[in-house]
There are 2 protein chains.
Amino acid sequence: MSYQVTIKDIAKKLNISKSTVSRVLTGNPHVNENTRRLVLDMAKELDYQKNIFARNLVTHKSNTIGIIVPEFVTSFFPKVIIGAQTIAAKAGYNTIIAQCNENYETEVANFNVMLANQIEGLIVSVTKETRNFDHLKIFQRKEIPIVFFNRVCEDMDVPKVVVDDYDGAFRAVEHLIEIGKKRIAHLAGPDNLSISRRRLNGYLAALRKHNIPVDEEIIIPYDLRLDKVKIYMNYLLSLPNPPDALFAINDPTAIEALQVIKEKNLRIPEDMAVVGFSNDYTSALIDPSLTTISQPVQKIGETAAELLLQLINNEISKNSLLIKTLTTELIIRHSTVR
Amino acid sequence: MSYQVTIKDIAKKLNISKSTVSRVLTGNPHVNENTRRLVLDMAKELDYQKNIFARNLVTHKSNTIGIIVPEFVTSFFPKVIIGAQTIAAKAGYNTIIAQCNENYETEVANFNVMLANQIEGLIVSVTKETRNFDHLKIFQRKEIPIVFFNRVCEDMDVPKVVVDDYDGAFRAVEHLIEIGKKRIAHLAGPDNLSISRRRLNGYLAALRKHNIPVDEEIIIPYDLRLDKVKIYMNYLLSLPNPPDALFAINDPTAIEALQVIKEKNLRIPEDMAVVGFSNDYTSALIDPSLTTISQPVQKIGETAAELLLQLINNEISKNSLLIKTLTTELIIRHSTVR
DNA sequence: GCAACTTTTGGGAACGCTCCCATAATTGGG
DNA sequence: CCCAATTATGGGAGCGTTCCCAAAAGTTGC
């Protein structure tokens, strides 16, 4: 690496002490206006770049937060990151980002990267494989604040940002009932994710409210590996008493299901209506377009970052049970209404 | 932040010098096997975490590379990042990621973040607005290696990773000609992006090869703002002699065009065939599914990172004119063949 | 014209680490 | 059994900052 200009160089050039230079550069008011100008000009002239490692070493602050997400392929997590990064940057914080390919080992490795980088706080959504949370507890021991979003660990007493999955699912299913559906299947997520459970509960509540019997036979929790959807759909459609509607845990699942239904030449929504969850970019574009629940994606990231910064600055308690729930919106398209 | 365990703590506990501890932790071989074990065990027991700021300060190495991408919404750039990050991690490098929302000012700001973080190398794809490259030249002055990918600055003598846009476009257009199309429009990208020019050239070459006259009237360069596509398509379709096919600069453009064509109740591909470029996730799912050119996305990131690491280690020359060109693949779907 | 301030500057320790140089411990050959 | 060679350890400077404390310079009032 090429030679780095230091405050010492500036000091020497101006024949003053490095303390004074440092004072100028840190915005300390106890310095003459004239010398301030001189230092600033010289810094610019020499193309001075502050050495953050030296700074972080003495201040014991890294000015960095971390974000760990399970995947990067759907646009959901990248959009959350944009939201979080925007807020962090405004507060002068750097962000380091890691994605886990939905893999538990990678997640643990990423946590260690975060630890090594001495982040001051962490925003996390876990992989669908994650059942053990010890790697998270290290952060609690070290008193590094954490904020969960989306896929949260409910047992940990840290703030969380979620959308109202229960309510969203409830409205999705109620919508199906309102268009006249009587037998609504549910492709659910793995039950280690609380998000799956909350959506399932919303589904169940809507059925109960409208006195529709719950049939375990048409509620299928699965591991979100899309190649499985075809199997489950074939199963559902070949039942003696097949469902007339499907509520899918998320849009990719719903889209996959739509393909299967189309292949079988069933009419959508007459024979089979479908609702997804998350309003992915693709959902408006496919044919038929997908009715779904949209969530304020970027807002999730912003809220998580705001919360994290408050934790870092001790404006709220580290293990507060704070849960920020953002609202969802039902978007009706052609997979339920022609 | 809570108290941090240092090598001094380990040394004190074991009654040895911090030099010896440091030797163990850096893998220096001049240390007794027995003390090595003791130090390692104690480090684990105390939950020792190396302070990278101190380390970076003395070694003058940040062990970090940067990646700057124009956007995060389509899955293209996130996938490239996965590829690059995987390679970097294998070499023991951290990665810091920044996205620019296709905004030039944000890009410049992100470059400064990279500078402040003393990255050892940078992988970049510029925004569609970027016409001035001074912010990149600072890196050259500081001898920090850069690798471009996808959207490159052709005037800069740094290694680049691209796909064979010319060839891809050529084959896309030749495919349209082979299915019998005679008047092929092109929705092109802004001409400051070399990627647009290369695809345009491939388009022109295919027409020339098959003796199809070039008509400037149906070649429309635009700024990639999707809301404009509708206007251009309406224009094209209302020409006295409208085109019978469209080659779009990328998949989002093609998908948008498909919507307009469908709204007008034209038959696809009979009245109007469409080919895109990039094989986005959505392209296989829409109706009709989109014929497109696929690129080895993750491989692009991997190649860029490999190149960058070689530059950092001085295994290749910094301003070599090295251009790695990866091959593309034509994926035929229903937007051109029923 | 001097004490008592206030404002501005300088000196230097400290942050946690690496790495050079010197010293101590161990080994082995004659 | 001693000296040289080898191996293992310790001491301490230095990386570029920040920040405390003290010193210097400038200001004020009587």
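To find a chain, count down the sequence lines: A is the first, B the second, and so on, and within it residues start at 1.
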Check your understanding: Less than 6.0 Å separating the ring centroids of A:Phe53 and B:His60?
Key -> no
**Study point:** Spacing of A:Asp9 atom CG relative to D:dT17 atom P, expressed in whole Å
**Key:** 9 Å
Check your understanding: Under a 4.0 Å N-O cut-off, is there an ion pair linking B:Glu102 with B:Arg151?
Key -> yes
Practice item. In whole angstrom, give the distance that lies between atom NE2 of A:His60 and atom C1' of C:dC17. Key: 12 Å
Review point. Over how many whole Å does the gap from A:Phe53 atom CZ to D:dG14 atom C1' extend?
Key: 17 Å
Exercise for review: Report the distance from atom CD of B:Gln118 to atom P of D:dC15, rounded to the nearest whole Å.
Suggested key: 15 Å
Review point. Side chains of B:Leu122 and B:Pro145: does their closest heavy-atom pair fall under 4.5 Å?
Key: no
Review point. Between C:dA25 atom C1' and B:Asn34 atom CG, what is the distance in whole Å?
Key: 14 Å
For nucleotides 7-11 of chain D, print each protein N/O atom paired with a nucleotide N/O atom at under 3.5 Å, atom names and distance only.
from   : atom 1 : to      : atom 2 : distance (Å)
D:dT9  : OP2    : B:Asn32 : N      : 3.1
D:dT9  : OP2    : B:Thr35 : OG1    : 3.1
D:dG10 : OP2    : B:Ser17 : N      : 2.5
D:dG10 : OP2    : B:Ser17 : OG     : 3.1
D:dG10 : OP2    : B:Thr20 : OG1    : 3.1
D:dG10 : N7     : B:Arg23 : NH2    : 3.0
D:dG10 : O6     : B:Arg23 : NH1    : 3.2
D:dG11 : N7     : B:Ser19 : OG     : 2.9
D:dG11 : O6     : B:Ser19 : OG     : 2.9

Review point. CG of B:Asn51 versus P of C:dG16: gap in Å, rounded?
Key: 7 Å
Practice item. Please give the angle, rounded to 10 degrees, between the axes at the start and the end of the helix from C:dG1-D:dC30 to C:dG30-D:dC1, where five pairs define each axis. Key: 50°
Review point. Do B:Leu308 and B:Val147 come close enough that some side-chain heavy atom pair is under 4.5 Å?
Key: yes
Point to revise | Heavy-atom side-chain contact between B:Val163 and B:Thr325 under 4.5 Å | key: no
Practice item. Would you mind classifying the nucleic acid contact of A:Thr6 as base, sugar-phosphate or nothing, using non-hydrogen atoms under 4.0 angstrom? Key: sugar-phosphate
Review point. Are side-chain N/O atoms of B:Thr64 and B:Glu120 paired as donor and acceptor at under 3.5 Å?
Key: no
Check your understanding: When you check the side-chain N and O atoms of A:Ser19 and A:Ser22, is any donor under 3.5 Å from an acceptor?
Key -> no
Check your understanding: Could you give all pairs that pass the side chain to side chain donor-acceptor pair (under 3.5 Å) test and reach residues 299-312 of chain A, with sequence neighbours left out?
Key -> none
Review point. D:dT18 phosphate, OP1 or OP2: any side-chain N/O from A:Lys61 under 4.0 angstrom?
Key: no
Check your understanding: With A:Met42, which of A:Asp9, A:Ile10, A:Val24, A:Ile16 fulfils side-chain contact (heavy atoms from CB on, under 4.5 Å)?
Key -> A:Ile10
Check your understanding: When you check the phosphate oxygens OP1 and OP2 of C:dT18, does a side-chain N or O of B:Ser22 lie under 4.0 Å from one of them?
Key -> yes
Practice item. Can you tell me the distance, in whole Å, between the CG atom of A:Leu57 and the P atom of C:dC15? Key: 9 Å
Check your understanding: Within this structure, what is the CG-to-P distance between B:Asn56 and C:dC17, rounded to whole angstrom?
Key -> 12 Å
